[in-house]
Number of protein chains: 2
Amino acid sequence: MPERALPYRPHNHDACVSQALADARTICREQNARLTAIRERVLELIWQSHKPLGAYDILAQLGSEGHNAAPPTVYRALDFLLQYGLVHRLASLNAFTGCSHAGENHHGLFLICHQCGTVLELESAPVSQAIDDAARAQAFQPEGATLEISGLCPRCRAEANPGAPSHD
Amino acid sequence: MPERALPYRPHNHDACVSQALADARTICREQNARLTAIRERVLELIWQSHKPLGAYDILAQLGSEGHNAAPPTVYRALDFLLQYGLVHRLASLNAFTGCSHAGENHHGLFLICHQCGTVLELESAPVSQAIDDAARAQAFQPEGATLEISGLCPRCRAEANPGAPSHD
DNA sequence: GCAAATTTGCAACATTATAACACTTGCTGC
DNA sequence: GCAGCAAGTGTTATAATGTTGCAAATTTGC
Ligand SMILES: [Zn+2]
Ligand SMILES: [Zn+2]
Ligand SMILES: [Zn+2]
Ligand SMILES: [Zn+2]
């Protein structure tokens with residue numbers, strides 16, 4: 001599996017998209033799931049940038065390209081993509097973002113820039129471990145997690161504070 | 001500050017409520033904020049149990065006790081309570097829960113039982129630290145967090161699996 | 001081909017949240 | 001006390017997000 005580019009830096013984003021679509025096709029083939037035209041198009045729209053998209057944004061884009069869709073069409077496609085781990089829903093934004101670890105059965109940690117909207121999905125073993133420990137200490141059995149951190153991404157930090165060095 | 005009771009065990013919940021209201025009054029007095037009748041009543045309704053309440057649930061309860069309120073009334077009260085850290089909004093549920101660390105300027109970690117709906121708010125330094133480290137490793141400057149863990153609380157675990165010992 | 005199952009189209013509806021504006025209340029300075 | 005002002009509340013309408021139910025079309029398995 002190739003290393004993913006960081007969304008903060010300029011990168012060949014077409015590669016992000018085609019990688020995501022290729023992964024999706026593989027995953028669906030392996031699981032005998034039907035990645036139909038609409039589902040694939042919704043996934044592609046979500047991957048058009050690293051900024052999450054609302055269901056009605058997707059609906060509008062489908063509409064603008066001639067596909068006269070109603071809300072259930074979009075939500076059903078999203079349900080499918082969620083089910084197979086191809087996208088995530090960001091509860092704090094009511095929006096959807098492509099999963100950059102599709103097929104790895106995980107719950108991500110999302111860094112959401114409130115300035116530019118860019119989202120980076122991480123997997124952090126220390127975070128998962130700390131949460132698991134905290135839950136276990138309460139005899140709570142964790143099953144799903146919503147971990148969304150809002151803040152400033154490196155690019156927007158640099159813009160806000162031009163003199164400061166980046167430690168990246 | 002007295003130790004809070006755990007919501008999972010039977011406890012004198014009236015004490016939770018009156019403690020929360022007393023804290024709220026103190027905090028508002030200190031900050032010259034007006035804890036008006038509606039705001040206080042909304043806070044009290046939210047604290048009526050350890051299960052989060054939707055804005056329209058609050059609205060319905062206000063209605064059933066003769067206060068003929070419209071949505072903005074409730075949302076304005078909630079905005080006020082959020083602003084002063086007296087309640088939290090749970091993004092994964094579109095619902096509100098009383099803050100059990102009011103005045104301590106924090107972002108909580110919420111353990112949400114998907115069986116009974118009970119929510120426990122924690123503060124976990126290891127979790128906060130791990131998240132901070134993960135963000136910093138991406139040169140991301142965190143400002144706010146949405147940390148909501150869904151799973152089974154100890155009571156519901158015991159019901160689901162009666163033979164198992166509780167490690168509590 | 002044909003029956004069954006899945007997917008899509010479509011209309012209506014449910015839930016959650018906000019905007020705009022008028023009215024009331026409580027404080028401030030006189 | 002009382003004008004003037006800011007903060008809070010009432011009310012209506014509307015926006016944004018998400019769901020239900022059913023019929024038509026497509027795909028699948030045989
Ligand atoms: Zn990219
Ligand atoms: Zn940014
Ligand atoms: Zn209690
Ligand atoms: Zn809290």
Side-chain angles (χ1 to χ4, degrees), chain A residues 24-25 28-46 51-84 86-97 117 146 148, chain B residues 24-25 27-29 31-46 51-84 86-97 117 146 148:
Chain A
R25 283 188 275 257
C28 289
R29 188 165 354 96
E30 284 171 1
Q31 312 207 20
N32 275 314
R34 289 163 56 189
L35 188 61
T36 62
I38 295 179
R39 291 167 176 173
E40 186 170 328
R41 182 62 186 138
V42 169
L43 181 60
E44 194 178 2
L45 286 173
I46 287 176
K51 308 181 189 203
L53 221 52
Y56 280 74
D57 296 332
I58 296 168
L59 192 59
Q61 293 205 36
L62 287 178
S64 79
E65 60 194 41
H67 187 301
N68 197 10
T73 301
V74 171
Y75 280 103
R76 283 190 291 228
L78 289 169
D79 285 346
F80 174 89
L81 297 171
L82 286 168
Q83 185 184 337
Y84 287 93
L86 303 174
V87 303
H88 294 284
R89 186 178 126 88
L90 299 177
S92 62
L93 299 177
N94 291 339
F96 300 84
T97 192
T146 297
E148 301 171 17
Chain B
R25 284 189 274 258
I27 287 168
C28 289
R29 188 167 353 96
Q31 312 207 20
N32 277 314
R34 288 166 57 192
L35 187 62
T36 61
I38 295 180
R39 292 167 176 175
E40 186 169 329
R41 182 62 186 139
V42 169
L43 181 60
E44 195 177 2
L45 286 172
I46 287 176
K51 307 181 191 206
L53 224 50
Y56 281 74
D57 297 332
I58 296 168
L59 191 60
Q61 293 204 37
L62 286 177
S64 78
E65 61 193 42
H67 188 302
N68 197 10
T73 300
V74 171
Y75 280 102
R76 282 191 291 229
L78 289 169
D79 285 346
F80 173 88
L81 297 171
L82 285 168
Q83 185 184 337
Y84 287 93
L86 304 174
V87 303
H88 294 284
R89 185 178 127 89
L90 299 178
S92 62
L93 300 177
N94 291 338
F96 300 84
T97 192
T146 298
E148 302 171 16

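Predicted model only: the values in this text are computed from it and were never measured. Quick note: numbers below take in every heavy atom, side chains included, and nothing from hydrogens, waters or symmetry partners. Chain letters run A, B, ... following the sequence lines, proteins first and then strands; every chain starts at 1.
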Test side-chain contact (heavy atoms from CB on, under 4.5 Å) applied to A/Leu86 and A/Cys28, step by step: CA-CA 10 Å; A/Leu86 303 174; A/Cys28 289; 4.2 Å; yes

Evaluation steps, side-chain contact (heavy atoms from CB on, under 4.5 Å), between B/His67 and B/Arg41: CA-CA 11 Å; B/His67 188 302; B/Arg41 182 62 186 139; over 6 Å; no

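- Distance B/Leu78 CG to C/dT16 P: 13 Å, rounded to the nearest Å.
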Contact letters for nucleotides 13-30 of chain D, in which S counts primed atoms plus P, OP1 and OP2 and B counts the base, heavy atoms under 4.0 Å: ----BBBBB-----S---

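- Between B/Leu81 atom CG and D/dG8 atom C1' there is a gap of 14 Å when expressed in whole angstrom units.
- Between B/Thr73 and the phosphate of D/dG10, there is a side-chain N or O to OP1/OP2 separation shorter than 4.0 Å.
- D/dT9 atom C1' lies 17 Å from atom CD of B/Glu40, rounded to whole Å.
- Contact annotation: B/Thr36 side-chain N/O to D/dT9 OP1/OP2 distance is under 4.0 Å.
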Verdict with supporting geometry, A/Leu45 and A/Leu62, side-chain contact (heavy atoms from CB on, under 4.5 Å): CA-CA 9 Å; A/Leu45 286 173; A/Leu62 287 178; 3.9 Å; yes

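- Atom P of nucleotide C/dG9 and atom CG of A/Leu59 are separated by 12 Å, given to the nearest angstrom.
- OP1 or OP2 of C/dG9 has at least one side-chain nitrogen or oxygen of A/His67 nearer than 4.0 Å.
- Nearest heavy atoms, A/Arg89 versus A/Asn94: NH2-OD1, 3.4 Å.
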Criterion side-chain contact (heavy atoms from CB on, under 4.5 Å) on A/Gln61 and A/Leu53, from CA distance to verdict: CA-CA 10 Å; A/Gln61 293 205 36; A/Leu53 221 52; 4.1 Å; yes

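- For the pair B/Ile38 CD1 and C/dT25 P, the computed distance is 12 Å after rounding to whole Å.
- The closest donor-acceptor contact from the side chain of B/Arg39 to the backbone of B/Arg34 lies under 3.5 Å.
- Atom CZ of A/Arg39 and atom P of C/dG9 are 11 Å apart (whole Å).
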